[in-house]
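Working notes, beginning with the structure itself.
Remember, it's 1-based here, ligands and their atoms both numbered in the order they're listed.
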Amino acid sequence: SFRPRRQRKNDPQLPPGPPALPIIGNLHMLGKLPHRSLHQLAKKYGPIMSMRLGSVPAIVVSSPQAAELFLKTHDLLFASRPMLQASLYMSYGNKGGLFRSMALTGAASGNCALYNFFLRRKLRAFNIADYVPFLGAFDLQGLTKRMKSFSKAVDTILEKIICEHEREARWKKKQQMKDFVDVLLSLMNQPMTSNEEVLYTLDRTHIKAILIDMIVASFDTSATTIEWTLSELLRHPAAMKRLQDELQTVFGLDKMVEEKDLFNLPYLDMVIKESLRLYPVGPLLLPRNCMEETIIDGYRVPKNARIIVNAWAIGRDPNAWSDNAEEFLPERFADTSIDLRGHDFQLLPFGSGRRGCPGMQLGLTITRFVLAQLVHCFNWSSQMVCCLMSWT
Ligand code: HEM
């Protein structure tokens, strides 16, 4: 738990921040859309702001320069994720962290934050039990109950998928076994080694944890990006027309968009960057944990403080994006080299550094492919969308 240590006069201070209430700290200030509330507070207290969320000290980072300090200059200190309650129920004891270890050798594991991401997006909640642990037992938000029933339902589905694959594997030839679940099953119970040292052995629970990681991390993120982009294109017919023209020039009207041609669509890339700038799917990225007390920009950052990077606020920072930062204007990316890989700290929809999104390429390919097909095959209008929405 967080107990402020006794300060000497010349000790570096915590960053400025709003006064906190007993027990709940600043939790009441987060509101329904925490990224917006934190953005407003950062206007008053600055781009490195300290708060207390229940018993947890938190540092909120809201400018590209500050983000660079935390995610690049001192990346190693902030490369771990906090342990959240969601991981108990939704990540098979956090075995999904293996997914990252398998994909990126040497990276620290610990993916429970992903479930919090899911929780916040799907159940629309900040889990109070993560910040005021003694309230966890009361399940005031009803989240524990929902997480338990969710994880039970998901386990049933995953078991079904795995059993089907195991049944089919018995009669399929080796070269026919080629989907993701087949590959994982073929690795099951085989010790993974590096320099003769056994690193881990993949068991059935690991496979389920990896699959749920994939589902949580990839489907909803890509689908939400596609939705936001399409809705902005509908509100900006000139951008929609320019994108359709680009697609018609590259593919004509008789050919379907194919994956291999996706890298030949510069305007589509600008549209997606602009949409992710204004509507990052994880507006506060995933929280990180400060591993050691440290001094950043003259401020003290306590050990175990939660680091929250407000990518939403950074994407709308007028100092980085000029006064039209709130407008949807894909052309702003023409003649710039700003990309999405996390090196340009004014644009961080996939985070940055060691804990940046390992699925960025897949997410972008899905988003590009689906958007290109939707815009190439159909003429869209806002009345049409209203009509479609009234059917669902
Ligand atoms: C448009 C699609 C996507 C967006 C916008 C997105 C965004 C993000 C963001 C913001 C983070 C947190 C990064 C940080 O804290 O610095 C993250 C983490 C992660 N993403 Fe993605 N993501 C997308 C697609 C995917 C896909 C397709 C996969 C898997 C196939 C994936 C797997 C992960 C994993 C495993 C993490 C946790 C990384 C860690 O804790 O080390 N994501 N993603």
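Residue Ala217 holds the heavy atom nearest to atom 25 (C) of ligand 1 of all those in Ala79, Pro287, Ala217. The closest heavy-atom contact to atom 17 (C) of ligand 1, among the options Pro358, Gly356, Gly363, Cys357, comes from Cys357. In this comparison of Ser218, Ala67, Pro349, Gly342, the heavy atom closest to atom 10 (C) of ligand 1 sits on Pro349.
Listed by number with element, the atoms of ligand 1 under 4.0 angstrom from any heavy atom of Gly351 are 13 (C), 14 (C), 16 (O). The Thr225 neighbourhood of ligand 1 comprises atoms 1 (C), with distances under 4.0 Å to a heavy atom of that residue. Taking every non-hydrogen atom of Met214 and a distance limit under 4.0 Å, the qualifying atoms of ligand 1 come out as 30 (C).
For residues 56-68, every residue pair satisfying the salt bridge (charged side-chain N to carboxylate O under 4.0 Å, His left out) rule, not counting sequence neighbours, is listed here: Glu68-Lys72.
Taking the side chain as every heavy atom from C-beta outward, Met270 and Glu331 never approach each other to under 4.5 Å. Within the 4.5 Å cutoff, the side chain of Val60 has no heavy atoms near those of the Tyr45 side chain.
The proximity of Ser352 to ligand 1, defined as any non-hydrogen pair under 4.0 Å, is limited to the backbone.
Contact annotation: Arg288 has at least one heavy atom less than 4.0 Å from an atom of ligand 1.
Note that Arg316 lies in the cation-pi zone of Tyr279, set by a 6.0 Å cut-off to the ring centre and a 45° limit from the axis.
In terms of polar-atom proximity, defined here as any N/O pair under 3.5 Å, Arg81 does make such a contact with ligand 1.
The SG atom of Cys290 lies 10.5 Å from the CZ atom of Arg300; values are rounded to the nearest 0.5 Å.
Asp344 pairs by the side-chain contact (heavy atoms from CB on, under 4.5 Å) definition with Ile338, Asp339, Gln346, not counting sequence neighbours.
For the pair His206 (side chain) and Thr201 (backbone), a donor-acceptor distance under 3.5 Å is present.
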